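What follows is a set of notes on a single structure, which appears directly below.
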There are 2 protein chains.
Amino acid sequence: MSGKQRHPEIAFRKHDHRRCQRQLLSAATHLCAERKLRLTLRRRQVLEILLASHQPMGAYDILAELNRSDDKERVAPPIVYRALEFLLGEGLIHRIESRNAFISCIHPGHHRGAQFLICRDCDRVAELESNDSGLLAEADSLGFAVDHSVVEITGVCAECQKHDR
Amino acid sequence: MSGKQRHPEIAFRKHDHRRCQRQLLSAATHLCAERKLRLTLRRRQVLEILLASHQPMGAYDILAELNRSDDKERVAPPIVYRALEFLLGEGLIHRIESRNAFISCIHPGHHRGAQFLICRDCDRVAELESNDSGLLAEADSLGFAVDHSVVEITGVCAECQKHDR
DNA sequence: GGACATAGTGTTATATTATAACGTATCGAT
DNA sequence: ATCGATACGTTATAATATAACACTATGTCC
Ligand SMILES: [Zn+2]
Ligand SMILES: [Zn+2]
Ligand SMILES: [Zn+2]
Ligand SMILES: [Zn+2]
């Protein structure tokens with residue numbers, strides 16, 4: 001894994017995405033090797049489709065992409081959902097609940113506590129890593145044992161604010 | 001609206017829910033009157049179904065409840081979704097994105113910034129009112145104009161922790 | 001009161017998202 | 001090679017949500 005720090009707003013900025021993509025796929029490969037998990041053809045294909053952009057994609061968009069190739073091979077929904085389940089479980093992708101969509105994680109393996117800023121104009125999504133400590137403390141004070149947290153902030157990104165009226 | 005302060009963990013505690021229900025329906029009625037909005041039959045029915053408990057319900061659960069009565073009247077999905085849309089818009093209910101479900105708001109009219117603790121054992125949901133200030137500040141520092149925030153924490157509530165193994 | 005505009009409802013059909021169930025293939029270990 | 005476990009392929013269907021359009025109630029102007 002390279003030492004390059006990935007800034008949260010990466011999805012909102014121009015960057016060398018080819019490189020970004022390569023790094024993330026390589027990180028996923030190493031992570032699976034370390035954990036003795038199989039990054040099989042379908043899992044890798046789905047991950048690569050998501051890594052092609054920082055956009056969230058619906059399961060059926062991914063399916064369409066898988067089936068786009070001229071080859072005769074046609075794949076059905078369960079294939080995609082199973083691959084997504086695996087990738088989610090290993091922290092390689094995230095699910096955007098408010099969009100029924102999936103997005104590649106920019107900090108693969110960091111399971112906990114991602115937060116998302118979702119632009120409703122351009123649909124880009126920034127993945128943050130704040131620590132929510134206030135909220136988690138409140139949950140704790142109610143004796144609530146936290147498993148998983150979903151934080152999705154919808155709004156308009158800086159760039160879209162310039163363009164819009 | 002009565003002066004009684006509604007504690008966030010209300011859904012996790014025994015309380016006089018009959019009273020709770022009456023207060024919330026009355027608050028909704030007044031709020032609609034003030035805003036010159038019509039709390040029509042369907043809207044009120046859907047709200048009442050949600051107010052019957054502090055549980056989140058799926059749109060089709062609500063539909064089934066509407067159609068449960070012995071009467072011949074059968075209602076179709078769009079009726080429910082339209083009522084839900086209205087109630088969401090006025091801040092009388094919330095949508096739990098991670099469950100595709102809807103729940104009555106315990107602070108009707110307070111549009112902004114609800115957070116939810118969702119017990120995966122008993123499915124009860126506590127509505128908090130933390131202020132997320134850290135996260136919102138971070139969004140702001142990225143020039144992101146926040147519209148709406150979804151915060152849903154899944155875990156196990158205090159009571160279910162006792163019962164579970 | 002009647003004519004009109006608007007908002008809400010009823011109904012049918014269909015789109016979109018997700019999973020159940022079950023048989024087959026592949027992998028890794030003995 | 002055999003075996004158990006994991007992943008894949010396939011069919012069917014469940015669960016969630018919306019499009020489209022006709023009809024009805026409500027309020028407003030005259
Ligand atoms: Zn990139
Ligand atoms: Zn944008
Ligand atoms: Zn109550
Ligand atoms: Zn519980």
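All of these numbers come straight from a predicted model, not from anything done at the bench. A note on names: the letters A, B, ... follow the listed sequences, proteins ahead of strands, and every chain is numbered from 1.
- Side chain of B:Glu152 to backbone of B:Phe116: no donor-acceptor contact under 3.5 angstrom is found.
- One atom, CD1 of A:Ile96, and another, C1' of C:dT17, lie 16 Å apart when rounded to the nearest Å.
- The interatomic distance linking B:Gln45 (CD) with C:dT9 (C1') rounds to 12 Å, in whole Å.
- Separating the NZ atom of B:Lys36 from the C1' atom of D:dT28 is a distance of 15 Å, rounded to the nearest angstrom.
- If you take CD on B:Glu97 and CG on A:Asn100, they are separated by 8.0 Å, rounding to the nearest 0.5 Å.
- At whole-Å resolution of the value, CG in B:Leu66 and C1' in C:dG10 are 13 Å apart.
- Side-chain atoms of A:Asp140 do not come within 3.5 Å of backbone N or O of A:Ala137 as any donor-acceptor pair.
- Between B:Cys119 atom SG and B:Gln161 atom CD the span is 8.5 Å, to the nearest 0.5 Å.
- A distance of 6.0 Å or more separates the ring centres of A:His107 and A:His94.
- Nearest nucleotide to the B:Arg38 side chain, out of C:dA7, C:dT11, D:dG9: C:dA7.
- Rounded to an integer number of Å, the gap from A:Glu85 CD to D:dC8 P is 11 Å.
- The phosphate of D:dC8 (OP1 or OP2) has a side-chain N or O of A:Thr40 nearer than 4.0 angstrom.
- Between the side chain of B:Thr29 and the backbone N or O of B:Leu25 there is at least one donor-acceptor pair closer than 3.5 Å.
- When the C1' atom of C:dC27 is taken as reference, atom CG of A:Leu41 falls 15 Å away, rounded to whole Å.
- OP1 or OP2 of D:dA7 has not a single side-chain nitrogen or oxygen of A:Arg42 nearer than 4.0 Å.
- Whole-Å rounding puts the B:Leu63 CG to C:dG10 C1' distance at 13 Å.
- The two residues A:Ala83 and A:Arg43 make their nearest non-hydrogen contact at CB-CA, 4.0 Å.
- Rounded to whole Å, the distance from CG on A:Asn67 to P on D:dG9 is 11 Å.
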Practice problem: Classify every nucleotide of nucleotides 16-21 of chain D by which part a protein heavy atom approaches to under 4.0 Å, writing B for the base, S for the sugar-phosphate alone and - for neither, in 5'-to-3' order. | Solution: BBBBB-
